[in-house]
Amino acid sequence: MKFYRNSAEARAELGMAPGVDVSAVEAEYPFLTNDYYLRLIDPAAGTADPIYRQSFPAPEELADRSSSFDPLAENEQMPTPRLIHRFRDRVVLLTTGKCAMRCRFCFRKRTWKQGADFPDLTASELKRATEYLTAHPEIREVLVSGGDPLMLGKSRLREILTALAAVPSIEILRVGSRIPVVAPELLDEEYAALLGSFPGLWFATHFNHPRELTPEARAACTRLIRAGVPVVNQTVLLKGVNDDAGVLEELFRTLVSWKVKPHYLFHVDPVRGVRHFATGIASGLEILRAFRPRLSSLATPTFAIDLPEGGGKVALQPEYGRDGRYLDLHERKLIAYGEFNSPID
Ligand SMILES: *Cc1c(COP(=O)(O)O)cnc(C)c1O
């Protein structure tokens with residue numbers, strides 16, 4: 001994999017003319033992409049291209065100086081380094097700061113510049129995390145996150161997963177990775193077999209746009225599924241990238257046909273430097289409303305926001321009910337649900 005760490009150089013590689021100077025943006029939030037993801041950009045579309053917008057710095061990133069770097073208060077909900085415990089039965093483990101490309105809308109943008117301060121999970125941090133898990137048997141699931149845990153490489157990731165799976169109360173490992181989307185060939189048969197060797201392991205990936213649905217990406221998902229790993233997808237609703245019911249319908253339909261379940265559609269988090277990607281919650285609800293009469297429930301993700309102050313995720317739905325009556329599928333009339341709504345004592 002060839003990495004690009006300078007956006008002017010990457011633009012030149014695509015044959016694009018030099019754009020506005022974003023060197024100040026890059027100094028604040030470093031640029032990183034790779035040859036595979038770069039090639040998904042249509043240079044003729046310029047800065048409006050959905051892949052370009054996800055990966056290239058924009059001057060707007062510096063405009064927002066007031067939002068928090070860590071609105072979800074992740075740093076305050078860490079009982080041991082790298083472990084976020086917000087919900088009773090599940091935790092997040094931050095295993096690395098490395099990624100195969102940097103998403104400009106990243107909700108952990110705060111970790112980008114930490115560089116040496118955000119190295120891979122150490123042996124002693126892993127030990128402390130497993131000790132915490134052992135002391136808290138109510139925790140059943142670990143979200144193995146980062147960065148991108150697949151950037152750790154097979155042997156280190158195997159060590160981490162093995163240590164977590166060895167905690168008796170841990171039943172589920174949920175590995176969150178964008179590798180199938182941004183560097184699918186890295187997820188080879190051997191990687192798929194490694195992940196498939198853990199019985200309760202699920203894989204959560206992150207496709208945002210139909211342009212990312214390449215034969216290579218499909219092959220990576222298929223390797224996982226053949227190895228016995230269920231794959232779900234989380235999409236972030238992004239202004240100017242995918243905030244369109246038609247675009248998302250195509251994305252979700254194709255994912256389901258690949259056996260990848262659209263799990264979540266997230267509104268962008270209120271993180272400093274990503275405000276220009278915010279659509280507003282109403283826009284997500286409108287998209288769900290458009291889906292209701294026309295898109296299979298298998299293809300429809302849960303739309304959710306993650307509350308500031310570590311308040312957690314809230315799933316949102318358009319309002320369909322009023323006084324015991326509910327709007328029909330085509331929104332022509334309200335229909336009473338009837339007396340079955342009043343159970344017999
Ligand atoms: C999102 C998240 C989870 C997982 O929540 P689900 O609704 O099960 O996907 C767990 N812990 C933290 C801190 C999270 O942000």
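In each ligand, atom 1 is the first atom listed, and ligand 1 is the first ligand listed. Remember, predicted model here, so these are calculated numbers, not experimental data. All residue numbers refer to positions in the sequence shown, counting from 1. Hydrogens, waters and symmetry mates play no part in the numbers below; they use all other heavy atoms, side chains included.
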Trainee: Which residue and atom name correspond to the protein heavy atom nearest atom 9 (O) of ligand 1, and how close is it?
Mentor: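 Ranked first by proximity to atom 9 (O) of ligand 1 is Arg174 NH1, 2.8 Å.
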
Trainee: Taking the basic N atoms (NZ, or NE/NH1/NH2) and the acidic carboxylate oxygens, is any pair closer than 4.0 Å for Asp120 and Lys98?
Mentor: yes

Trainee: Could you check whether Arg325 makes a cation-pi contact with Tyr320, meaning its NZ or CZ is under 6.0 Å from the centre of the six-membered ring and within 45° of the ring axis?
Mentor: no

Trainee: Indicate, as side chain, backbone, both or neither, the part of Met78 found under 4.0 angstrom from ligand 1 when only non-hydrogen atoms are considered.
Mentor: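 No part of Met78 is near ligand 1 at this cut-off.
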
Trainee: Under 6.0 Å from the CD atom of Glu339, do we count more than 12 heavy atoms belonging to anything else shown?
Mentor: no

Trainee: Near Lys259 NZ, under 6.0 Å, is it more than 12 heavy atoms from other residues, nucleotides or ligands?
Mentor: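 Not more than 12 within 6.0 Å, no.
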
Trainee: Note the single closest protein heavy atom to atom 12 (C) of ligand 1, along with its residue, its atom name and the distance in Å.
Mentor: Val92 CG2, 3.4 Å

Trainee: Under 3.5 Å between some N or O of ligand 1 and some N or O of Arg90?
Mentor: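 Yes: some nitrogen or oxygen of Arg90 is under 3.5 Å from one in ligand 1.
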
Trainee: Report yes or no: is the cationic atom of Arg39 (NZ for Lys, CZ for Arg) under 6.0 Å from the centre of the six-membered ring of Tyr36, at an angle within 45° of the ring normal?
Mentor: no

Trainee: Taking 4.0 Å as the limit for heavy-atom contacts, which would you say applies to Leu72 with ligand 1: side chain only, backbone only, both, or neither?
Mentor: neither

Trainee: Compute the shortest N/O to N/O distance between Glu74 and ligand 1 and return yes if it is under 3.5 Å, no if not.
Mentor: no

Trainee: Quick test: of every protein heavy atom, which one is nearest to atom 10 (C) of ligand 1, and how far off is it to 0.1 Å?
Mentor: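 For atom 10 (C) of ligand 1, the nearest protein heavy atom is Phe87 CD1, 3.3 Å.
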
Trainee: Could you check whether any side-chain N or O of Asp269 sits under 3.5 Å from a backbone N or O of Val271, counting only pairs where one atom can act as donor and the other as acceptor?
Mentor: no

Trainee: Below 4.0 angstrom from a heavy atom of Leu143, which ligand 1 atoms are there? Numbered from 1 as shown, please.
Mentor: 3 (C), 4 (C)

Trainee: Side chains of Arg275 and Lys239: closer than 4.5 Å at any heavy-atom pair?
Mentor: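 Contact flag for Arg275/Lys239 side chains = no.
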
Trainee: With rounding to the nearest 0.5 Å, note down the distance linking CG in Asn233 to CG in Asn208.
Mentor: 7.5 Å

Trainee: Would you mind checking which non-hydrogen protein atom is closest to atom 7 (O) of ligand 1, with the distance to 0.1 Å?
Mentor: Tyr264 OH, 2.6 Å

Trainee: Heavy-atom contacts with Ile84 under 4.0 Å: which atoms of ligand 1 show up? List them by number with element.
Mentor: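 So the answer, numbered in order with elements, is 13 (C).
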
Trainee: Counting each atom of ligand 1 from 1 as listed, which ones have a heavy atom of Arg86 under 4.0 Å away?
Mentor: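 Listed by number with element: 13 (C), 15 (O).
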
Trainee: For atom 1 (C) of ligand 1, find the nearest protein heavy atom and state the residue, atom name and distance (0.1 Å precision).
Mentor: Lys313 NZ, 1.3 Å

